[in-house]
Amino acid sequence: MTEIVYMTQGNVTMPRLNESAVRDWIVAVAATLNQKVGCLTYVFCDDDYILQTNREFLGHDYYTDIITFDYTNSRHIAGDMVISLDTVRSNAEGLQVPYETELMRVIIHGVLHLCGINDKGPGEREIMEKLENDALSLLPENVLLKD
């Protein structure tokens with residue numbers, strides 16, 4: 001059974017997501033990689049929180065947009081994904097893309113990791129970027145709620 005939980009840590013406001021549309025999109029993207037979605041948790045946070053998490057759990061002393069903790073079993077992908085909305089915003093500005101597009105790219109980036117896609121080795125980054133772009137092309141217009 002697919003369950004996706006959203007929460008916040010630090011000084012951030014929860015993104016206004018159409019949770020059922022996001023769930024359906026994530027399930028569809030995972031299916032393109034022959035994966036089923038189990039339990040996913042998204043923790044939206046600020047840069048301070050993700051830096052602390054990176055130091056504590058990975059021994060890394062730098063900011064990042066997402067940290068993915070993989071609990072996948074043989075039947076379903078599962079995991080916790082910590083996303084810094086501060087870094088998502090600054091990356092969107094640097095790339096000159098809408099914040100909402102960058103947020104959805106990062107959301108699906110974690111799912112792709114859980115599906116077994118890596119991005120650190122030779123040629124892996126290009127594969128990850130292609131799969132992110134493919135996933136964004138499947139994104140329904142109604143995933144973000146308007147104020």
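Computation of the quantities below employed the complete heavy-atom set of this structure, encompassing side-chain atoms and omitting hydrogens, waters and symmetry-equivalent molecules.
- For residues 13-37, no residue pair satisfies the ring-ring contact (aromatic ring centres under 6.0 Å, His included) rule, not counting sequence neighbours.
- Annotation: side chain of Asn54 is not in contact with side chain of Tyr63 (no heavy-atom distance under 4.5 Å).
- Ring pair Phe57/Phe69 is perpendicular by interplanar angle, where above 60° counts as perpendicular and below 30° as parallel.
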Between Arg125 and Glu129, is the salt bridge (Lys or Arg N to Asp or Glu O under 4.0 Å) condition met? List the steps. CA-CA 6 Å; Arg125 183 72 214 148; Glu129 287 176 1; 3.1 Å; yes
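- Atom CG of residue Leu131 and atom CD of residue Glu126 lie 12.0 Å apart, to the nearest 0.5 angstrom.
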Apply side-chain contact (heavy atoms from CB on, under 4.5 Å) to residues Glu93 and Arg89 and explain how you reach the verdict. CA-CA 6 Å; Glu93 290 169 2; Arg89 186 167 307 284; 3.7 Å; yes
side-chain contact (heavy atoms from CB on, under 4.5 Å) between Leu51 and Asp61, worked out: CA-CA 7 Å; Leu51 180 61; Asp61 192 24; 4.0 Å; yes
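- Side-chain contact between Thr8 and Thr13 is absent, with no heavy atoms from C-beta onward closer than 4.5 Å.
- Counting heavy atoms from C-beta on, the side chains of Thr41 and Ile4 never come closer than 4.5 Å.
- When every heavy atom of Gly110 is checked against every heavy atom of Thr68, the shortest pair comes out as CA-OG1, 3.6 Å.
- Residue Leu139 holds its CG atom at 10.0 Å from CD1 of Ile26, rounded to the nearest 0.5 Å.
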Applying side-chain contact (heavy atoms from CB on, under 4.5 Å) to Arg105 and Val88, what does each step give before you reach the verdict? CA-CA 9 Å; Arg105 185 193 65 76; Val88 169; over 6 Å; no
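- To the nearest 0.5 Å, atoms SG (Cys39) and CG (Asn73) are separated by 11.0 Å.
- Distance CG/Leu112 to CD1/Ile108: 5.5 Å, rounded to 0.5 Å.
- Heavy-atom minimum distance, Phe44 versus Pro15: CD1-CD, 3.6 Å.
- Among all heavy-atom pairs drawn from Met128 and Ile117, the shortest one is CE-O, 3.5 Å.
- Between Val97 and Asn91 there is no side-chain heavy-atom pair separated by less than 4.5 Å.
- In this structure, Tyr42 contributes its side chain and Ile107 its backbone to a donor-acceptor pair below 3.5 Å.
- Judged as a ring-ring contact (aromatic ring centres under 6.0 Å, His included), the pairs with a partner in residues 101-124 (not counting sequence neighbours) are, in order, His109-His113.
- Residues Val43 and Asp80 fail the side-chain proximity criterion, which asks for heavy atoms closer than 4.5 Å.
- Contact of the Met81 side chain with the Val106 side chain is not registered, since no non-hydrogen atoms from C-beta on lie closer than 4.5 Å.
- Leu85 contributes atom CG, which lies 8.5 Å from atom CG of Asp46 (distance to the nearest 0.5 angstrom).
- Contact of the Thr64 side chain with the Thr87 side chain is not registered, since no non-hydrogen atoms from C-beta on lie closer than 4.5 Å.
- Annotation: side chain of Arg23 is not in contact with side chain of Leu40 (no heavy-atom distance under 4.5 Å).
- Sparse packing is recorded around CG of Asn11, with 12 or fewer heavy atoms of other residues, nucleotides or ligands lying under 6.0 Å away.
- Thr101 OG1 to Leu136 CG: the interatomic distance, rounded to the nearest 0.5 Å, is 7.0 Å.
- No donor-acceptor distance shorter than 3.5 angstrom exists from the side chain of Asn118 to the backbone of Lys120, with no hydrogens or angles considered.
- Of the N and O atoms on the side chains of Asp86 and Ser84, not one donor lies less than 3.5 Å from an acceptor on the other residue.
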